[in-house]
S.K.: 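Have a look at this one.
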Amino acid sequence: EAHLTALRDVMGVMQHHDAITGTEKQHVADDYARMLYEGFEACSANIRSVLNQLSGYREDGKFDWSYCKQANISACATTENADNTVVLLYNPLGYGSNDYVRLPVKDGQYSVLNDRGQTVPSTLVPIPSSVIDLPFRESEATHELVFQGEQVPPVGYKTYYVSKEESRDSSSTEMRQ
Amino acid sequence: EDNVSIGNEHVSVNFDENGFMSSITVHGETHSLKQNFLYYDGALGNNEEFRNRSSGAYIFRPNGTEKAVTDVVEIQVVKSDVVQEVHQIFNEWISQVIRVYAGQEHVELEWLVGPIPIDDGVGKEIISRFESDIKSDGAFWTDSNGREMLRRVRNYRETWNLDLVEPVSGNYYPVTAKIAIEDDQSRLAVLNDRAQGGSSLVDGQLELMVHRRLLRDDAFGVGEALNETQYGAGLVARGKHWLFFGSSQKDVSPTLQAKERFLQNKVLLPSWPFVNSADNLLTLDDF
């Protein structure tokens with residue numbers, strides 16, 4: 001409860017018109033960012049605990065769920081450095097969703113399996129050079145693996161198994177001009 | 001050498017020889033639809049005079065008319081069965097990806113703007129502008145914090161006679177979820193992922209301000225210029241617009257507005273992806 005309240009408190013502060021519109025002084029903007037970050041981190045402990053219980057994983061640090069905080073610059077330490085990744089999609093809506101997922105990865109060949117072991121159509125798209133060249137971006141991801149979540153149930157989740165394979169398929173559907 | 005087109009069975013986006021989006025084809029009908037990035041120079045004023053203040057955090061006061069950032073866009077095209085994308089580079093500090101996912105009826109535009117150059121000593125406010133052939137007759141709609149859409153009429157206020165001395169900013173409205181125009185046949189709506197200023201300054205046009213960097217305080221209280229930096233350079237912003245184009249007819253079921261509303265929920269409350277690599281110890285059997 002304390003973790004959740006940490007973010008609740010921050011969201012209360014963020015109702016101020018300066019936070020909504022961005023008319024706060026810069027040091028206040030920096031402080032807002034710090035508060036939000038700490039709120040996220042507190043809640044992520046709850047999320048991790050819940051997901052570990054749902055998925056039956058041990059809480060020994062090896063099977064910890066995380067989220068990609070740098071997805072907005074197409075970077076994710078977990079997905080770009082792993083050969084095998086389990087992706088869990090949680091749908092917060094009250095009806096089914098079929099959102100597309102974009103995972104930052106290194107170039108290669110990947111397969112995506114759903115919870116029934118069936119292959120899910122996926123593709124590898126290059127990350128634009130303007131993103132890769134951002135001076136503060138520290139990531140080895142050069143591509144994004146794109147696939148569609150299949151009817152993720154309302155307020156529920158689906159999981160996918162993403163694995164990197166040895167060689168790139170020469171019959172890739174990707175075409176560049 | 002051919003003009004580029006991306007799309008699916010519902011919608012196709014076509015590009016001209018200079019790399020700009022030029023038209024959209026929806027259910028077999030093609031309509032003119034251009035998109036470009038432009039910028040307004042921020043006004044440098046005397047804050048002691050009410051009508052001569054600088055553009056700043058609180059107020060948007062362009063100094064003159066907008067300027068296009070380029071005449072030619074460098075593009076790269078990626079096509080697959082899952083998604084088709086055109087990667088556009090407008091200049092050293094503006095780029096964009098326009099994409100259409102398989103089975104989806106909307107177009108996604110992922111823009112990246114910054115660091116906005118200020119070497120010339122002038123602050124700039126960057127907009128993404130869409131130009132269509134819709135005869136919008138001065139009217140456009142903006143949302144009210146994601147709820148009902150409010151009708152706005154250019155150079156007009158409902159309850160008093162308007163003497164508008166700021167023709168651009170005086171027609172800007174807050175857009176937190178959607179801005180739209182329509183005529184008897186067609187409708188264009190753009191959804192955004194964050195609060196932005198937006199307007200329709202000419203019939204058939206929509207514009208949204210995506211980033212700003214200003215060098216003067218506007219004397220409305222913040223006491224600082226809106227000149228944010230990170231790692232010693234101006235801030236870079238990356239975000240998304242989702243574009244719907246189609247019939248404005250109300251007897252179509254579901255209407256375009258209904259589709260926009262569902263999409264709004266999906267893009268503003270998207271599925272949360274969590275990842276777990278477990279130090280590469282997770283086997284398929286574990287899964």
Side-chain angles (χ1 to χ4, degrees), chain A residues 20-26 29 47 51 55 57 62-68 71-73 76 78-79 81-93 97 99-101 103 113 117 121-123 125-126 128-131 134-136 146-149 152 159 161 163 173-177, chain B residues 2 4 57-58 75-83 85 87-89 92-97 99 101-104 110 112 174 195 220-224 226-233 236 238-239 262 265-267 269-284 286-287:
Chain A
I20 300 291
T21 57
T23 46
E24 72 277 41
K25 284 180 183 287
Q26 188 59 49
I47 296 273
L51 295 180
S55 57
Y57 291 139
K62 281 186 178 173
F63 295 106
D64 269 353
W65 295 92
S66 61
Y67 59 98
C68 301
N72 64 332
I73 52 170
C76 181
T78 302
T79 57
N81 292 312
D83 292 331
N84 305 308
T85 308
V86 175
V87 179
L88 184 146
L89 285 183
Y90 168 73
N91 173 17
L93 294 174
S97 181
D99 288 342
Y100 280 89
V101 182
L103 300 177
L113 301 177
S122 63
T123 193
V125 175
S129 57
S130 50
V131 176
L134 287 170
F136 48 83
V146 185
F147 64 94
Q148 187 175 26
V152 184
T159 50
Y161 188 77
S163 55
T173 56
E174 193 175 305
M175 184 181 81
R176 299 182 194 180
Q177 290 174 301
Chain B
D2 295 330
V4 168
Y58 283 93
I75 64 171
Q76 181 188 18
V77 184
V78 184
K79 290 190 176 184
S80 77
D81 294 338
V82 178
V83 65
E85 298 187 345
H87 297 198
Q88 299 176 302
I89 297 178
E92 289 176 356
W93 47 279
I94 299 181
S95 63
Q96 181 171 247
V97 177
R99 61 174 66 101
Y101 286 107
Q104 304 293 301
E110 186 167 32
L112 186 143
F220 271 98
V222 69
E224 291 178 356
L226 192 67
N227 182 14
E228 296 165 288
T229 57
Q230 189 176 27
Y231 300 99
V236 180
R238 192 186 192 195
F262 273 97
N265 284 346
K266 286 192 174 185
V267 295
L269 284 171
S271 293
W272 306 352
F274 295 96
V275 293
N276 185 345
S277 70
D279 296 336
N280 285 323
L281 296 175
L282 266 179
T283 66
L284 187 56
D286 289 333
F287 174 64

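Convention: sequence-line order gives letters A, B, ...; per-chain numbering from 1.
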S.K.: Considering only heavy atoms and a distance below 4.5 Å, find which of A/A71, A/P92, A/G149 pairs most often with chain B.
M.R.: A/P92
S.K.: Using side-chain heavy atoms (C-beta onward) and a distance below 4.5 Å, is B/H87 in contact with A/V125?
M.R.: yes
S.K.: Go through A/L88, A/V152, A/T159, A/T85 and name the one with the most non-hydrogen pairs under 4.5 angstrom from chain B.
M.R.: A/L88
S.K.: Non-hydrogen atoms of chain B under 4.5 Å away: do they reach the side chain of A/Q148, the backbone, both or neither?
M.R.: side chain
S.K.: Checking B/Y231 against chain A: side chain, backbone, both or neither under 4.5 Å from a heavy atom?
M.R.: side chain
S.K.: At a 4.5 Å cut-off on heavy atoms, which part of B/L284 comes close to chain A: side chain, backbone, both, or neither?
M.R.: both
S.K.: Test ring-ring contact (aromatic ring centres under 6.0 Å, His included) on A/W65 and B/F274 and set out the steps.
M.R.: CA-CA 6 Å; A/W65 295 92; B/F274 295 96; 7.4 Å; no
S.K.: Counting heavy-atom pairs under 4.5 Å with chain B, which one of A/N81, A/D83, A/V87, A/L134 comes out on top?
M.R.: A/D83
S.K.: Donor-acceptor pair, B/Q88 side chain versus B/V97 backbone, under 3.5 Å?
M.R.: no
S.K.: Is A/Y161 in contact with chain B via its backbone, its side chain, both, or neither, using a 4.5 Å heavy-atom distance?
M.R.: both
S.K.: Based on non-hydrogen pairs under 4.5 Å, which of A/L113, A/T78, A/L93 is most in contact with chain B?
M.R.: A/L93
S.K.: SG/A/C68 to CD1/A/I73 distance, rounded to the nearest 0.5 angstrom?
M.R.: 11.5 Å
S.K.: Could I get the full list of side-chain contact (heavy atoms from CB on, under 4.5 Å) partners for B/S271, not counting sequence neighbours?
M.R.: A/L89, A/N91, A/S97, A/D99
S.K.: Only counting residues at least two apart or in another chain, list the ones meeting ring pair (Phe, Tyr, Trp, His ring centres under 6.0 Å) with A/Y67.
M.R.: none
S.K.: Report which part of A/S66 has an atom under 4.5 Å of a heavy atom belonging to chain B: side chain, backbone, both, or neither.
M.R.: both
S.K.: Between B/L269 and chain A, with a heavy-atom cut-off of 4.5 Å, which part of the residue counts as in contact: side chain, backbone, both or neither?
M.R.: both
S.K.: Of the backbone (N, CA, C, O) and the side chain (C-beta and beyond), which part of A/P135 lies under 4.5 Å from a heavy atom of chain B, both, or neither?
M.R.: neither
S.K.: Taking atom CD of B/Q104 and atom NZ of B/K266, what is their separation to the nearest 0.5 Å?
M.R.: 7.0 Å
S.K.: So for B/E92, is it side chain, backbone, both, or neither that comes closer than 4.5 Å to the heavy atoms of chain A?
M.R.: neither
S.K.: Is there a donor-acceptor pair closer than 3.5 Å between any side-chain N or O of B/K79 and the backbone N or O of B/E85?
M.R.: no
S.K.: Can you tell me how far the CD atom of B/E110 sits from the OG atom of B/S95, to the nearest 0.5 Å?
M.R.: 9.0 Å
S.K.: Given side chains that start at C-beta, do those of B/E228 and B/Q230 come closer than 4.5 Å, heavy atoms only?
M.R.: no
S.K.: Under a 4.5 Å cutoff for heavy-atom pairs, which residue among B/V236, B/L112, B/V83, B/N265 has the most contacts with chain A?
M.R.: B/N265
S.K.: Can you tell me which of B/W93, B/F262, B/F220 forms the most heavy-atom pairs within a distance under 4.5 Å of chain A?
M.R.: B/F262
S.K.: Under a 4.5 Å cutoff for heavy-atom pairs, which residue among B/A102, B/A195, B/A233 has the most contacts with chain A?
M.R.: B/A102
S.K.: Go through the atoms of A/S129 and report whether side chain, backbone, both or neither lie under 4.5 Å from a heavy atom of chain B.
M.R.: side chain
